[in-house]
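Comments concern the structure below.
Being a predicted model, the structure only gives us computed values, none of them experimental.
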Amino acid sequence: MKRFLQLFIFAAVAFVVANGRIDQPSNAAVQDTAWRRPVPGAVVRAFRAPTSPYGPGHRGVDFAVRIGESVVAVGDGTVVFSGQVGGALHVVIAHSPSGWLTGYSFLASVRVHAGWTVRGGEVLGTAGGVGDGHDGSVVHVSLRIAGVYRDPMFLFHMQDLASIVHLAPMSQPRAPGDFTALPRV
């Protein structure tokens, strides 16, 4: 019975954790690819989900970079766009078989073209398109799943559920079906 209660609590916590991250990609799809950060810099502006398809938000993350630093593909895929939009250089990669799209914006130079196949870690271009008021620049990275923008940092922060869920021991045995004094999670 104790094992049943522990499994019940684990399942309940896992359900809450999963539903709390409903805007994130599934772990199975994320683990299918060895995702890597596009640059080593810190995040200087985090993802903020838009309130509606055309509403305000920040549809990716901005990484601090040194001007001229290489920007690499986060995973294997095919370049579906490489060029200028609104005066800035951008690259978009489709990742198969998931169909996810990653975007890399505000590049100083681009080294890939639409239709090219790239490997994760391959250089797409160099940073330097937009300054952040300091001695460097930023690179904006986005992730789209089925046309919806998601937080790309999820790709780089895989967590083992066991590292965040801890089962609490019961101080005394309970009668079968007695759920009144379960520890709070």
How close do [X] and [Y] get, heavy atom to heavy atom, and via which atoms?
| X | Y | answer |
| --- | --- | --- |
| V65 | A127 | CG2-CB, 3.2 Å |
| V141 | P38 | CG2-CG, 3.6 Å |
| G55 | P50 | O-CB, 3.8 Å |
| S137 | I67 | CB-CG1, 3.9 Å |

Side-chain heavy atoms of [X] within contact of [Y], under 4.5 Å:
| X | Y | result |
| --- | --- | --- |
| P40 | E69 | yes |
| V44 | V138 | yes |
| H95 | L101 | no |
| V74 | Y104 | yes |
| P56 | T51 | yes |

Verify same cluster id: W100, V92 (apolar side-chain graph, 4.5 Å)
no

Quick check on the hydrophobic clustering: are V139 and V85 connected, directly or via other members, by side-chain heavy-atom contacts under 4.5 Å?
no

Just jot down the side-chain hydrogen bond (donor to acceptor under 3.5 Å, both in side chains) partners of S105, sequence neighbours excluded, or say none.
H90

S109: which residues meet the side-chain hydrogen bond (donor to acceptor under 3.5 Å, both in side chains) condition with it, sequence neighbours left out?
T126

Where the side chain of R37 meets the backbone of G41, is there a donor-acceptor pair that is under 3.5 Å apart?
yes

For S82 and V112, indicate whether the former's side chain and the latter's backbone hold a donor-acceptor pair under 3.5 Å.
yes

Kindly state each residue pair satisfying ring-ring contact (aromatic ring centres under 6.0 Å, His included) with at least one member in residues 50-82, sequence neighbours excluded.
H58-H140

Atom [atom1] in [X], atom [atom2] in [Y]: separation rounded to 0.5 Å?
| X | Y | atom1 | atom2 | result |
| --- | --- | --- | --- | --- |
| Y149 | L143 | OH | CG | 10.0 Å |
| D62 | F47 | CG | CZ | 12.5 Å |
| I93 | W116 | CD1 | CH2 | 12.0 Å |

Pairwise salt bridge (charged side-chain N to carboxylate O under 4.0 Å, His left out) hits with a residue in [range], at least two apart:
| range | value |
| --- | --- |
| residues 80-95 | none |
| residues 45-60 | none |
| residues 100-123 | D76-R119 |

Result for side-chain contact (heavy atoms from CB on, under 4.5 Å) between V72 and one of V118, V39, V123 points to V123

